[in-house]
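The shown structure was predicted, so the numbers you read here are calculated from the model rather than taken from an experiment. Order of the sequence lines fixes the chain letters, A, B, ..., with proteins taken first and strands second; residue numbering starts at 1 for each chain.
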2 protein chains.
Amino acid sequence: MTRRLDPDRRDRIIDACLELIAEAGVAGTSHRKVAERANVPLGSMTYHFTGMDELLREAFTRFSDTVVAVFEERLGAAGSVAEARAAVVGIIHDDLLASPRDLVLTHELYALAARSPEYRQITHRWMRRSRAALERHFSPDAAAQLDALIEGLSIHRALDTEPTDSRRTVDAVARITAP
Amino acid sequence: MTRRLDPDRRDRIIDACLELIAEAGVAGTSHRKVAERANVPLGSMTYHFTGMDELLREAFTRFSDTVVAVFEERLGAAGSVAEARAAVVGIIHDDLLASPRDLVLTHELYALAARSPEYRQITHRWMRRSRAALERHFSPDAAAQLDALIEGLSIHRALDTEPTDSRRTVDAVARITAP
DNA sequence: CAATCATGCGTACGAACGTACACTAGTTGC
DNA sequence: GCAACTAGTGTACGTTCGTACGCATGATTG
């Protein structure tokens, strides 16, 4: 068996792909640009991935796994319901979609998921995991509502004019999680 | 002044553009494909629009105006807080992003808005108007929270595995809008 | 050492792209 | 009826795209 020259070439390609999508969108992403960004020859693209679709699927899978891992960690560290509530507020205000990069990637993924089931599997997995993390502290009802609230508040925080009012976030989380 | 041959040619182009984005995403949309779909010659594209960006901006402006108009109408018809609450539930479950078309278009727009300020103006306007519509019935705090909740629930309804549970939606709306 | 084989790359091809621009045709003003 | 003008079109250019495929290179086997 021939030893691999550059074992994380595949990884580099995926990372470069995510960076590129964050900057230029899926619309502005091509094999050539990804290859250049990842410092691999164009031929590597078709060697490592059957096509653009496979590359995108792997890239967005990695992305969502990374984001949800932070989510789980934040919530896992909470030892009480009060701490869990605080964690949720923190997630909305600090972590999730805080960087433009994550915001763009999330919506590019959603746009793909809205159009084709093969990407919807990725969002399904993502949402299932985040809801499960919430259910360790809250009832299933509250978890589902909170999950949606986190989504909505994160988006509006990023795409609305109004500056964020953390008091409102705290209040909303309290209302949803009240017994 | 020369009379226009086909006065709604521009409109047709914009509509065709939206249809195409709904099917193939911004990534799969080109001047040529839009022209074909709208039954106009390729030359018309550059004649009516300075470039892809102008076309996309106009298309998404029209789209968001249409969606928010339905939103306003639904809420405007409510004569009491209770009716307004019911309208919100209805919006989440029936209207908004109910069709795959609207879902795709929304996220394609968000992806653009996440990346560039010129598209963010469109989302700003959209969110300002929907929040204003909510504020006719609810306090500014509740309106902002509701707006986010609507966003999040609509998304999760579309991209999550779980079937929608309308009882949860009613409950969440009640919690947010409780005095 | 020779034969074999998998890994990985360079290149080239045809299709599709955005855009510029010379142009036609039909209208207006005199 | 002719000159000036404008709305709208057809085409062609240079670029970029995805992908196929023949080839190099270095390891493995006998």
Side-chain angles (χ1 to χ4, degrees), chain A residues 1-61 104 108-109 111-112 115-116 118-119, chain B residues 1-61 104 108-109 111-112 115-116 118-119:
Chain A
M1 179 74 101
T2 315
R3 187 108 66 76
R4 297 184 142 228
L5 240 62
D6 184 353
D8 31 53
R9 177 146 298 192
R10 241 183 97 91
D11 279 351
R12 280 224 315 286
I13 293 174
I14 293 175
D15 286 339
C17 182
L18 283 174
E19 276 180 53
L20 203 58
I21 293 172
E23 284 175 26
V26 171
T29 299
S30 68
H31 278 167
R32 282 173 160 82
K33 288 181 187 168
V34 174
E36 194 190 13
R37 173 81 55 124
N39 266 100
V40 301
L42 176 59
S44 279
M45 289 293 143
T46 43
Y47 178 72
H48 288 290
F49 303 91
T50 60
M52 204 41 148
D53 246 40
E54 184 176 316
L55 176 54
L56 288 180
R57 263 203 319 277
E58 290 217 33
F60 279 117
T61 301
V104 174
E108 292 281 354
L109 170 58
L112 290 173
R115 212 150 11 89
S116 87
E118 81 199 88
Y119 291 97
Chain B
M1 181 73 103
T2 315
R3 187 107 67 75
R4 296 183 144 229
L5 241 61
D6 183 355
D8 32 52
R9 174 146 303 191
R10 242 184 96 91
D11 279 350
R12 280 225 314 284
I13 293 174
I14 293 176
D15 286 338
C17 182
L18 284 174
E19 275 180 57
L20 203 57
I21 294 173
E23 283 174 28
V26 172
T29 299
S30 68
H31 279 166
R32 282 171 160 82
K33 288 181 188 168
V34 174
E36 195 190 13
R37 171 81 56 126
N39 265 101
V40 300
L42 177 60
S44 278
M45 289 292 143
T46 42
Y47 178 74
H48 288 289
F49 303 91
T50 60
M52 204 42 148
D53 247 40
E54 185 176 315
L55 176 54
L56 288 180
R57 263 202 319 277
E58 291 217 34
F60 280 116
T61 300
V104 174
E108 292 281 354
L109 170 58
L112 290 173
R115 210 150 10 90
S116 87
E118 82 198 88
Y119 291 96

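The closest donor-acceptor contact from the side chain of A:T50 to the backbone of A:T46 lies at 3.5 Å or more, if one exists at all.
Between the CG atom of B:L42 and the P atom of C:dT19 there is a distance of 10 Å, given to the nearest Å. Counting to the nearest Å, the P atom of C:dG18 and the NE2 atom of B:H48 are 17 Å from each other. For A:L55 and D:dT19, the CG to P distance is 11 Å, given to the nearest whole Å. Spacing between atom CE of A:M45 and atom C1' of D:dT16 amounts to 16 Å, rounded to whole angstrom units. Spacing between atom CG of A:L56 and atom P of D:dG18 amounts to 10 Å, rounded to whole angstrom units. Taking atom CD1 on B:I13 and atom C1' on D:dG8, their separation rounds to 11 Å, with Å as the unit. Rounded to whole Å, atom P of D:dT11 lies 19 Å from atom OH of B:Y47. One interatomic measurement links the two molecules: CZ of A:F49 to P of D:dA20, which rounds to 16 Å at whole-angstrom precision.
Here the side chains of A:H48 and A:V40 are not in contact, with every heavy-atom distance at 4.5 Å or above.
Atoms CG and OG1, on B:L56 and B:T29 in that order, are 7.5 Å from each other to the nearest 0.5 Å.
Distances from the side chain of A:R9 to the nucleotides D:dA7, C:dC9, C:dG8 place C:dC9 closest. Ranking D:dC17, D:dG8, C:dC9 by closeness to the A:K33 side chain, first place goes to D:dC17. Residue B:H31 places its side chain closer to C:dT19 than to any other of C:dT19, D:dG8, D:dA20. Between D:dT9, C:dA12, C:dC17, one nucleotide has an atom nearer to the side chain of B:R32 than all others, and that is C:dC17.
Taking only side-chain nitrogens and oxygens, A:S30 comes nearer than 4.0 Å to OP1 or OP2 of D:dC17. Of the side-chain N and O atoms in B:S44, one or more sit less than 4.0 angstrom from OP1 or OP2 of D:dT9.
With respect to the salt-bridge test (charged N to carboxylate O, under 4.0 angstrom), the residues B:E23 and B:K33 do not qualify.
Judged by a 6.0 Å distance limit and a 45° cone about the ring axis, B:R10 is positioned over the six-membered ring of B:F49.
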